[in-house]
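Model, not experiment: these values are computed from the prediction.
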Amino acid sequence: MRYAIVYSSRTGNTARLAETIRETLGQETCLYFGPPDARALEAETLYVGFWTDKGTCDETIAQFLKGLTCQRVFLFGTAGFGGAPAYFEQILGRVREHLAPEVPVAGTYMCQGQMPPAVRARYEAMEDTPRRRAMLENFDRALGHPDQEDLARLKAAVTG
């Protein structure tokens, strides 16, 4: 199986997932690895990774997904807010909307990703409310993600 890994990573979290997929599947049959590019379309299976922006994939990946026609797609991504599978499923549902109906989704994977320190600073500057406290707690929980457990689950999703 010839495959390609196409991804967008703002903070390095999704890039880490992309590297893990390439290590898991082996480089011998990897036709392309990197940001959206037409060269990836020659592969039978595309592993397409994104960071979450306003509840869906970032615009670069959205545009790439809209151009797919018949390749099998495995979607993977990271979100700063996480922990709830239902939340991840909502994001993946919105990402799937960028695909044409005939494009088969071979699998999906999402996990939490740590956020940059500037996000914490922005939360700290907010008025002290239960919402602010929850956002700070989530920020702290996200530190270190994707972690080894996240990567092990990704490997299982890709090979399973």
Side-chain angles (χ1 to χ4, degrees), residues 4-25 32-37 40 45-68 73-101 103-160:
I5 300 174
V6 175
Y7 68 95
S8 176
S9 186
R10 191 171 189 186
T11 60
N13 297 325
T14 306
R16 191 161 179 214
L17 298 183
E19 287 286 352
T20 298
I21 293 171
R22 183 165 64 171
E23 290 168 9
T24 301
L25 298 178
Y32 178 80
F33 182 87
D37 190 288
T45 302
L46 298 173
Y47 293 83
V48 181
F50 59 91
W51 56 277
T52 301
D53 185 25
K54 300 176 189 80
T56 189
C57 60
D58 57 280
E59 189 58 32
T60 304
I61 293 299
Q63 290 306 313
F64 181 77
L65 292 173
K66 288 175 184 173
L68 300 183
V73 176
F74 183 102
L75 298 170
F76 66 98
T78 59
F81 284 87
Y87 175 64
F88 289 154
E89 282 305 316
Q90 287 175 355
I91 294 168
L92 287 163
R94 287 189 284 273
V95 172
R96 281 186 188 101
E97 291 173 5
H98 298 292
L99 292 168
V103 175
V105 176
T108 61
Y109 179 79
M110 281 202 71
C111 69
Q112 191 166 28
Q114 69 182 19
M115 297 170 273
V119 172
R120 190 173 215 298
R122 193 170 64 239
Y123 294 165
E124 289 172 341
M126 296 168 63
E127 180 182 341
D128 188 19
T129 64
R131 181 175 181 267
R132 173 189 176 260
R133 287 189 292 278
M135 292 168 82
L136 287 167
E137 287 171 10
N138 179 76
F139 180 94
D140 293 342
R141 267 192 314 276
L143 290 173
H145 286 274
D147 61 15
Q148 290 306 312
E149 190 174 308
D150 297 325
L151 300 178
R153 283 195 305 271
L154 172 61
K155 289 177 187 178
V158 167
T159 59

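Tested against Ser8, the residues Thr60, Asp53, Asp58 include a single side chain to side chain donor-acceptor pair (under 3.5 Å) partner, Asp58. Screening Phe76, Phe50, Phe33 for a ring pair (Phe, Tyr, Trp, His ring centres under 6.0 Å) involving Tyr7 leaves a single residue, Phe33.
When side chains are defined from C-beta on, Asn138 counts as touching Arg141, because their heavy atoms get closer than 4.5 Å. Residues Leu154 and Cys111 are not in side-chain contact: their nearest non-hydrogen atoms beyond the backbone lie 4.5 Å or more apart. Between Lys155 and Thr20, some side-chain heavy-atom pair lies under the 4.5 Å cut-off. Taking 4.5 Å as the limit, some side-chain heavy atom of Glu124 sits within range of a side-chain heavy atom of Arg132. Counting only heavy atoms from C-beta outward, the side chains of Leu75 and Cys57 never approach each other to under 4.5 Å.
For the pair Asn13 (side chain) and Gln112 (backbone), a donor-acceptor distance under 3.5 Å is absent. Side chain of Thr52 to main chain of Thr78: a donor-acceptor pair is present (N/O by atom type, distance under 3.5 Å, no hydrogens or angles). Judged by distance alone, with hydrogens and angles left aside, the side-chain atoms of Arg120 form no donor-acceptor pair with the main-chain N or O of Phe139 at under 3.5 Å. Here the side chain of Asp147 pairs a donor or acceptor atom with the backbone of Asp150 at under 3.5 angstrom.
Smallest separation of non-hydrogen atoms from Ala142 and Gly80: CB-O, 3.9 Å. Asp37 and Phe64 get closest at one heavy-atom pair: O-CE1, 3.8 Å. The two residues Leu17 and Gly77 have their closest heavy-atom pair at CD1-O, 3.7 Å. The nearest pair of heavy atoms linking Val103 to Leu68 is CG2-O, 3.7 Å. The two atoms that bring Pro36 and Ile61 nearest to each other are CG-CD1, 3.8 Å, heavy atoms only. Looking at every heavy atom in both residues, Thr14 comes nearest to Gly49 through CG2-C, 3.7 Å.
Separation of atoms CE (Met115) and CG (Asp140) is listed at 8.5 Å; rounding is to 0.5 Å. Expressed to the nearest 0.5 Å, how far NE2 of His98 lies from NZ of Lys66 amounts to 5.5 Å. Taken to the nearest 0.5 Å, the CG atom of Leu92 stands 5.5 Å off from the CE atom of Met110. Taking CG of Leu151 as the reference point, atom CD of Glu19 lies at 11.0 Å (rounded to 0.5 Å).
Note on Arg153 versus Glu149: salt bridge recorded, some NZ/NE/NH1/NH2 to OD/OE distance being below 4.0 Å. A salt bridge is absent between Glu97 and Arg94; no separation between the charged side-chain nitrogens and carboxylate oxygens falls under 4.0 Å.
When the shell of 6.0 Å around CZ of Arg22 is examined, it contains more than 12 heavy atoms from other residues, nucleotides or ligands.
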Tyr109 and Phe88: CA distance, side-chain angles, deciding distance, ring-ring contact (aromatic ring centres under 6.0 Å, His included) verdict: CA-CA 9 Å; Tyr109 179 79; Phe88 289 154; 8.3 Å; no

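Phe74 and Tyr47 have tilted rings, their planes meeting at an angle from 30° to 60° on a 0 to 90° scale.
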